[in-house]
Amino acid sequence: MTDTVNCVPTSSPEDELVWTRMLRLPEIAELRRRRARVTNTLGGITVVLFTSFLVAFIGFPDQLGATVVLGIPLSLWVVFSQFAGTWVLVWAYFRLSRTYIGPAVDDAVVAVERNRPASEEVAS
């Protein structure tokens, strides 16, 4: 806490140079692009799903309560769609993390290890 109050820098200019260089690696840029694409897409779908839920219940409460599909009120179908939609989005995120983001992570780790300064080598 005192470091933030006293404005004591926690990293040196050399550290900043290393991180800047690492962020410019094409593998890191690809990883950041893939992660942004997945999170922005799934986040957008989440917003649309929740907004449609709110619009349905605010705008059409009578129709949701009076309409019955397969013996179940439409309002329960809408609520179930939120539950099922959330599970599908979570499943999609985990799946894309393994199949789409995972290979980019592996490539980024190799690139960072390859471009690590000699002063940071780990003795084995």
Side-chain angles (χ1 to χ4, degrees):
M1 179 74 180
T2 57
D3 289 343
T4 58
V5 174
N6 295 330
C7 297
V8 176
T10 57
S11 63
S12 67
E14 294 83 20
D15 290 340
E16 294 297 324
L17 181 63
V18 169
W19 278 109
T20 302
R21 190 171 47 117
M22 292 297 173
L23 289 174
R24 289 186 183 144
L25 292 172
E27 294 86 357
I28 299 293
E30 176 66 15
L31 172 61
R32 294 174 71 191
R33 185 187 63 76
R34 287 185 184 199
R35 290 180 73 181
R37 180 179 289 166
V38 167
T39 55
N40 290 340
T41 301
L42 294 179
I45 293 170
T46 302
V47 169
V48 168
L49 188 65
F50 186 65
T51 302
S52 64
F53 171 79
L54 290 178
V55 167
F57 272 92
I58 292 170
F60 309 100
D62 295 334
Q63 291 86 352
L64 290 175
T67 306
V68 176
V69 177
L70 300 174
I72 300 172
L74 189 57
S75 60
L76 288 178
W77 286 110
V78 172
V79 170
F80 176 72
S81 74
Q82 294 297 302
F83 177 76
T86 301
W87 278 102
V88 168
L89 287 170
V90 169
W91 174 84
Y93 180 78
F94 285 132
R95 174 87 176 164
L96 289 169
S97 291
R98 265 193 334 269
T99 60
Y100 183 66
I101 297 173
V105 169
D106 297 338
D107 294 342
V109 168
V110 170
V112 167
E113 288 176 353
R114 195 175 54 236
N115 289 287
R116 183 185 310 179
S119 62
E120 295 184 4
E121 290 299 321
V122 178
S124 37

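Any value given below was found using the heavy atoms of this structure, including those in side chains, with hydrogens, waters and symmetry copies removed. Since the structure is predicted, the reported quantities are computational estimates derived from the model, not experimental observations.
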Is it the case that one hydrophobic cluster holds both [X] and [Y], taking links as side-chain heavy atoms less than 4.5 Å apart, direct or via other members?
X      : Y     : result
Val112 : Leu31 : no
Val105 : Phe94 : yes
Ile58  : Val79 : yes
Val88  : Val90 : no
Leu74  : Val68 : no

Could you tell me which non-hydrogen atom of [X] sits nearest to which non-hydrogen atom of [Y], and how far apart they are?
X      : Y      : result
Ala108 : Ile28  : CB-CD1, 3.6 Å
Arg33  : Tyr100 : NH1-OH, 3.8 Å
Trp77  : Val69  : NE1-O, 3.0 Å
Arg32  : Leu23  : NH1-CD2, 4.0 Å
Leu89  : Thr46  : CD1-OG1, 3.2 Å
Pro73  : Gly65  : CB-O, 4.5 Å

In Å and rounded to the nearest 0.5 Å, what is the [atom1] to [atom2] distance from [X] to [Y]?
X     : Y      : atom1 : atom2 : value
Ile72 : Thr67  : CD1   : OG1   : 13.5 Å
Ser97 : Arg35  : OG    : CZ    : 8.5 Å
Asn40 : Ile45  : CG    : CD1   : 11.0 Å
Arg95 : Ile101 : CZ    : CD1   : 13.0 Å
Ser52 : Phe57  : OG    : CZ    : 10.5 Å
Leu42 : Arg37  : CG    : CZ    : 12.5 Å

Measure up the Phe83 and Phe80 rings against each other and bin them: parallel (under 30°), tilted (30 to 60°), perpendicular (over 60°).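 Because their plane-to-plane angle lies in the 30° to 60° range, the rings of Phe83 and Phe80 count as tilted.
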
Pairwise side-chain contact, Leu54 with Phe50, heavy-atom cut-off 4.5 Å (strictly under):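 They are in side-chain contact.
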
Please check: side-chain N/O of Glu27 versus main-chain N/O of Ala104, any donor-acceptor pairing under 3.5 Å?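 No, the answer is negative, given that no donor and acceptor are paired below the 3.5 Å cut-off.
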
Determine whether a donor-acceptor pair (N or O, by modelled atom type, separation under 3.5 Å) exists between the side chain of Ser81 and the backbone of Val78.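 Checking the backbone N and O of Val78 against the side chain of Ser81, a donor-acceptor pair under 3.5 Å is found.
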
Near Phe53 CZ, under 6.0 Å, is it more than 12 heavy atoms from other residues, nucleotides or ligands?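 Enclosed: over 12 neighbouring heavy atoms sit under 6.0 Å from CZ of Phe53.
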
